[in-house]
Amino acid sequence: MRILGAAVLAALQTYNILIVSHLWTHNPWFHSRLLNACSSGLNSINIGESAEAYRLSHVRNHHRFNNDRQGPDGKTRDSSSTFKRGRNGEHEGIASYALLGGLRSLGSSIRVVLSVHRLWRVGPGESELLELASEGSLRSIRTDRIVCFAWCLLLVSVSWQFVLFCVLPVWYAALVLVDVQNYYEHYGAVPE
């Protein structure tokens, strides 16, 4: 029964990332800045990272560079490109793209949520985000990160075992499913 519950939670979190938060990145739901800030915080809790940072990386990076191939420098401009770690101009394999990509995303999100030392500001190691963000976006990202940190503190204070044995595995599973979806959405497409 617990495995079934975890699978349902992973499916719901995947749906939230792929549908709910994705729609929000393209069209914030309210005219009110305050209500959009509240929905950003709620989406941030649901997807485990700043919804504003997700919006910037998705709309201003992924849509702009459209799953590009590696350039002469061996790098892609689209940070989520299926060609980013591929060889000989090919897509990366699905297993490494999804499984390792999920681990990279989970680790990155955990590091950001725990960035108390810089008071959850966008740090120097986040150059892509710094290039994409306006001053207002940087404030929104920081607020989202504080909300995520507070939520994590609440969850850990209620039950660290729940966080360790349910929240983290479900979150990882959702990130893997999101990467599988992204991979097959772009696999075989010609970015040029």
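Not measured: the values here are computed from a predicted model. Below, all heavy atoms of this structure are taken into account, side chains as well, without hydrogens, waters or symmetry copies.
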Nearest-0.5 Å distance, CG of residue Leu99 to CG of residue Leu175: 11.5 Å

Cluster link Ile146 to Leu154, ILVMFWY, side chain under 4.5 Å: yes

Connected via hydrophobic side-chain network under 4.5 Å: Tyr15 and Leu42: no

Flag, side chain of Asp73 to backbone of Lys75, donor-acceptor distance under 3.5 Å: yes

Verdict with reasoning, Ile110 to Trp171, per side chain to side chain contact (heavy atoms under 4.5 Å, CB included): CA-CA 11 Å; Ile110 290 171; Trp171 189 8; 4.1 Å; yes

Side-chain donor or acceptor of Ser96 paired with backbone N/O of Glu92 under 3.5 Å: no

Side-chain donor-acceptor contact under 3.5 Å, Ser134 with Ser137: yes

Step-by-step side chain to side chain contact (heavy atoms under 4.5 Å, CB included) determination, His186 to Phe83: CA-CA 10 Å; His186 296 95; Phe83 294 100; over 6 Å; no

Donor-acceptor under 3.5 Å (Asn36 side chain, Phe30 main chain): yes

Any donor-acceptor pair under 3.5 Å from His91 side chain to Gly188 backbone: yes

Enclosure of Phe65 CZ (heavy-atom neighbours >12, cutoff 6.0 Å): yes

Nearest-0.5 Å distance, NE2 of residue His22 to CD1 of residue Ile47: 11.5 Å

Donor + acceptor pair across side chains of Asn182, Tyr97 (<3.5 Å): yes

Neighbour count >12 (heavy atoms, 6.0 Å) for atom CZ, Arg33: no

Pairs flagged by salt bridge (Lys or Arg N to Asp or Glu O under 4.0 Å) wherever residues 38-59 is involved - sequence neighbours left out: Glu52-Arg55

Check: Ser81 side chain, Asp68 main-chain N or O, donor-acceptor pair, under 3.5 Å: yes

Under 3.5 Å donor-acceptor, Arg69 side chain and Gly89 backbone: yes

Other residues, nucleotides, ligands: >12 heavy atoms within 6.0 Å of His31 NE2: no

Pairwise distance CG(Leu18) to CG(Leu23) - rounded to 0.5 angstrom: 10.5 Å

Cluster check Val112, Phe149: I/L/V/M/F/W/Y, side chain < 4.5 angstrom: no

Where at least one partner belongs to residues 134-144, residue pairs that pass salt bridge (Lys or Arg N to Asp or Glu O under 4.0 Å), sequence neighbours excluded: none

Connected via hydrophobic side-chain network under 4.5 Å: Leu155 and Tyr172: yes

Step-by-step side chain to side chain contact (heavy atoms under 4.5 Å, CB included) determination, Tyr187 to Thr82: CA-CA 7 Å; Tyr187 185 79; Thr82 58; over 6 Å; no

Phe162 vs Leu168 side-chain heavy atoms within contact, under 4.5 Å: no

Pair Ser80-Asp78, side-chain donor/acceptor within less than 3.5 Å: yes

Aromatic plane relationship, Trp24 with Trp29 - under 30° parallel, 30 to 60° tilted, over 60° perpendicular: perpendicular

Option from Ser50, Cys148, Ser115 for which side-chain contact (heavy atoms from CB on, under 4.5 Å) with Trp120 holds: Ser115

Reported CD1-to-CG distance for the pair Ile141 and Leu56, which is rounded to 0.5 angstrom: 5.0 Å

Side-chain (Ser44) to main-chain (Ala51) donor-acceptor, under 3.5 angstrom: yes

Residue Ile3 excluded, over 12 heavy atoms near CD1 under 6.0 Å: no

Step-by-step side chain to side chain contact (heavy atoms under 4.5 Å, CB included) determination, Arg145 to Val122: CA-CA 10 Å; Arg145 289 174 174 182; Val122 175; 4.1 Å; yes

ILVMFWY network linking Leu177 to Tyr184, side-chain heavy atoms under 4.5 angstrom: no

Considering all heavy atoms, the nearest Cys166-Leu9 contact: SG-CD1, 4.0 Å

Tyr54 backbone acceptor or donor facing Ser57 side chain under 3.5 Å: yes

Interatomic spacing from CG in Asp179 to CG in Leu103 - rounded to 0.5 Å: 10.0 Å

Residue pair Cys152 / Val113: nearest heavy atoms and the distance that separates them: SG-CG1, 4.0 Å

Donor-acceptor under 3.5 Å (Asn16 side chain, Asn43 main chain): no

Side-chain (Ser105) to main-chain (Gly102) donor-acceptor, under 3.5 angstrom: no

